[in-house]
Engineer: 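Have a look at this one.
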Amino acid sequence: MEAIFKVITSKVISEFNRFPRVIGLLISRPKELFSSIDNHQSTFLKALSFSAVISFLITLLSIPSFKTNHVEVESLLLTLDVFINIILLVIYSLITYISARIFFGRGGVLRTISAFLYVSPLLVLIKLLEIPTRIVRDKELLAGALTPSTVENMTLAINSNPYLLVSELLVGVGYIWFVCVLFLLLKTVHNFGFMRALLSSGLTMWLISLGVYWIQRPVIHVLLNAFSLNK
């Protein structure tokens with residue numbers, strides 16, 4: 001597994017220069033970026049390769065939480081986390097496509113997935129802001145079985161700490177930016193007007209939140225407990 005992680009690391013290093021370029025386009029010319037994406041398989045494969053860079057960076061930003069919560073940081077954990085992140089990004093991009101199709105979007109599935117993967121660098125910036133609250137959330141995930149009270153405990157812990165509240169506020173601002181870019185993605189890729197793009201964006205974020213609750217959080221719960229040093 002260490003050899004696989006080294007291969008992933010080399011791949012990320014070789015393609016990392018695309019990350020700041022895409023961030024620059026998302027800030028300055030997002031519609032131009034989305035217009036340049038087509039429905040070809042080669043474009044999709046290039047976007048999927050880029051998602052490995054994003055997933056690797058998200059995994060790196062998880063290490064402070066791993067270390068704070070006494071989770072063993074080894075190549076197997078990091079490799080699994082990178083692959084889980086890639087799969088989650090693809091799932092959420094498919095959710096975006098399904099949401100667009102519900103409102104009779106015209107963009108193809110590969111084009112929508114590719115466009116979403118090029119929006120995912122924003123998630124890296126959000127995850128950077130989320131490090132303090134991520135530590136608290138992971139602590140609750142390691143506290144025991146995953147139950148409805150787990151989310152309540154996370155919220156109580158964050159609300160009781162002003163520093164964590166500031167972090168949560170910044171994360172909220174980051175997600176507002178993400179939704180705005182997602183709105184432009186749907187408007188450009190699926191030829192939506194204002195109202196359909198708005199409704200589709202709202203539906204997409206709601207479905208993604210369900211994905212976080214029913215898929216992402218249980219998977220992370222299992223992963224953290226599998227590598228916990230406090231077992």
Side-chain angles (χ1 to χ4, degrees), residues 1 4-27 29-30 32-63 75-100 107-130 134 171 174-175 177-186 188-190 201 204-205 207-209 211-212 215-217 219-220 223:
M1 193 59 70
I4 295 175
F5 187 71
K6 286 181 179 179
V7 170
I8 295 172
T9 303
S10 299
K11 178 71 172 175
V12 169
I13 292 172
S14 67
E15 294 202 18
F16 182 77
N17 64 321
R18 295 171 65 192
F19 178 78
R21 290 210 310 268
V22 173
I23 285 286
L25 287 171
L26 288 172
I27 293 172
R29 303 190 302 278
E32 182 179 317
L33 171 63
F34 301 140
S35 297
S36 69
I37 297 171
D38 56 38
N39 207 40
H40 295 156
Q41 186 177 4
S42 59
T43 303
F44 164 70
L45 292 175
K46 192 174 180 181
L48 190 61
S49 177
F50 181 64
S51 74
V53 177
I54 303 306
S55 299
F56 184 87
L57 293 174
I58 291 174
T59 294
L60 288 184
L61 293 173
S62 301
I63 291 177
S75 56
L76 177 58
L77 168 64
L78 299 177
T79 303
L80 288 173
D81 197 56
V82 169
F83 279 111
I84 288 169
N85 288 331
I86 293 172
I87 292 168
L88 288 171
L89 287 175
V90 172
I91 289 173
Y92 296 150
S93 62
L94 281 170
I95 285 174
T96 304
Y97 172 73
I98 291 168
S99 173
V109 59
L110 292 184
R111 188 182 181 196
T112 305
I113 293 174
S114 299
F116 184 92
L117 294 178
Y118 281 117
V119 173
S120 61
L122 298 182
L123 296 176
V124 175
L125 302 181
I126 292 171
K127 294 298 179 183
L128 178 62
L129 298 171
E130 198 180 25
R134 169 71 187 271
V171 169
Y175 275 115
W177 182 19
F178 180 85
V179 173
C180 290
V181 176
L182 181 65
F183 171 87
L184 292 175
L185 182 159
L186 290 163
T188 306
V189 173
H190 290 275
S201 300
T204 298
M205 293 306 295
L207 292 174
I208 287 177
S209 69
V212 170
I215 302 172
Q216 181 173 325
R217 191 165 287 151
V219 170
I220 298 303
L223 188 69

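For clarity, every value in this text was computed on a predicted model and none was experimentally measured.
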Engineer: Which heavy atom of N85 sits nearest a heavy atom of I58, and at what distance?
Structural biologist: ND2-CG2, 3.7 Å
Engineer: Taking atom types as modelled, find out whether S114 and H40 have a side-chain donor-acceptor pair closer than 3.5 angstrom.
Structural biologist: no
Engineer: Taking the side chain as every heavy atom from C-beta outward, state whether L94 and V109 have any atom pair closer than 4.5 Å.
Structural biologist: yes
Engineer: Got a sec, which residues hit ring-ring contact (aromatic ring centres under 6.0 Å, His included) with Y175, two or more places apart in sequence or on another chain?
Structural biologist: none
Engineer: Between S49 (side chain) and L45 (backbone), is there a donor-acceptor pair under 3.5 Å?
Structural biologist: no
Engineer: Heavy-atom distance under 4.5 Å between the side chains of L117 and I54, does that happen here?
Structural biologist: no
Engineer: At their closest point, which heavy atom of V189 faces which heavy atom of A115, and how far apart are they?
Structural biologist: CG2-CB, 4.0 Å
Engineer: List in chain and number order the residues that pass side-chain hydrogen bond (donor to acceptor under 3.5 Å, both in side chains) with T43, two or more places apart in sequence or in another chain; answer none if no residue qualifies.
Structural biologist: D38
Engineer: Mind checking side chain to side chain contact (heavy atoms under 4.5 Å, CB included) for I91 and listing every partner two or more places apart, or none if nothing turns up?
Structural biologist: I87, I95
Engineer: So F116 and V90, do their side chains get closer than 4.5 Å, heavy atoms only?
Structural biologist: no
Engineer: Measure the CG-CD1 distance between L223 and I84 for me, rounded to the nearest 0.5 Å.
Structural biologist: 4.5 Å
Engineer: How far apart are the closest heavy atoms of P30 and L184, and which atoms are they?
Structural biologist: CG-CD1, 3.7 Å
Engineer: On a heavy-atom basis, which atom in S35 and which in T188 lie closest, and how many Å separate them?
Structural biologist: OG-CG2, 3.4 Å
Engineer: Can you list the residues that meet the side chain to side chain contact (heavy atoms under 4.5 Å, CB included) rule with K46, with sequence neighbours excluded?
Structural biologist: R18, Y118
Engineer: Please confirm whether the backbone N or O of F34 pairs with a side-chain atom of R111, one donor and one acceptor, at under 3.5 Å?
Structural biologist: yes
Engineer: Please assess V219 against L88 for the test side-chain contact (heavy atoms from CB on, under 4.5 Å), listing each intermediate value before the final yes or no.
Structural biologist: CA-CA 10 Å; V219 170; L88 288 171; over 6 Å; no
Engineer: Name all residues meeting the side chain to side chain contact (heavy atoms under 4.5 Å, CB included) criterion together with L61; count only those two or more places apart in sequence or in a different chain, and write none if there are none.
Structural biologist: V124, K127, L128, I131
Engineer: Taking only residues at least two apart or on different chains, which pairs with a member in residues 89-98 satisfy side chain to side chain donor-acceptor pair (under 3.5 Å)?
Structural biologist: Y92-Q216
Engineer: In the structure I gave you, are the side-chain heavy atoms of I63 and L78 within less than 4.5 Å of one another anywhere?
Structural biologist: yes
Engineer: My understanding is that only residues two or more places apart in sequence, or in another chain, count here; which of them pass salt bridge (Lys or Arg N to Asp or Glu O under 4.0 Å) with K11?
Structural biologist: E15
Engineer: Check whether any side-chain heavy atom of L26 sits under 4.5 Å from a side-chain heavy atom of F178, and report yes or no.
Structural biologist: no
Engineer: State, yes or no, whether a side-chain contact exists between I126 and W177 at a heavy-atom distance under 4.5 Å.
Structural biologist: no
Engineer: Heavy atoms only: give me the nearest H190-G107 pair and the separation to one decimal.
Structural biologist: ND1-N, 2.9 Å
Engineer: Distance from L185 atom CG to C180 atom SG, nearest 0.5 Å?
Structural biologist: 13.0 Å
Engineer: Partners of T204 by side-chain hydrogen bond (donor to acceptor under 3.5 Å, both in side chains), sequence neighbours excluded?
Structural biologist: S99
Engineer: Between the side chains of D81 and T59, does any donor sit under 3.5 Å from an acceptor?
Structural biologist: yes
Engineer: Mind checking the OG-CG spacing from S55 to L60? Nearest 0.5 Å is all I need.
Structural biologist: 11.0 Å
Engineer: If you take all heavy atoms of P121 and I23, which pair is closest and at what distance?
Structural biologist: CB-CD1, 3.5 Å
Engineer: Can you sort out the partners of F16 under ring-ring contact (aromatic ring centres under 6.0 Å, His included), two or more places apart, ordered by chain and number?
Structural biologist: F19
Engineer: R134: what forms a salt bridge (Lys or Arg N to Asp or Glu O under 4.0 Å) with it, not counting sequence neighbours?
Structural biologist: D138
Engineer: Mind checking side-chain hydrogen bond (donor to acceptor under 3.5 Å, both in side chains) for Q41 and listing every partner two or more places apart, or none if nothing turns up?
Structural biologist: none
Engineer: Taking side chain to side chain contact (heavy atoms under 4.5 Å, CB included) as the test, write out the residues that go with L129, two or more places apart.
Structural biologist: L170, V171
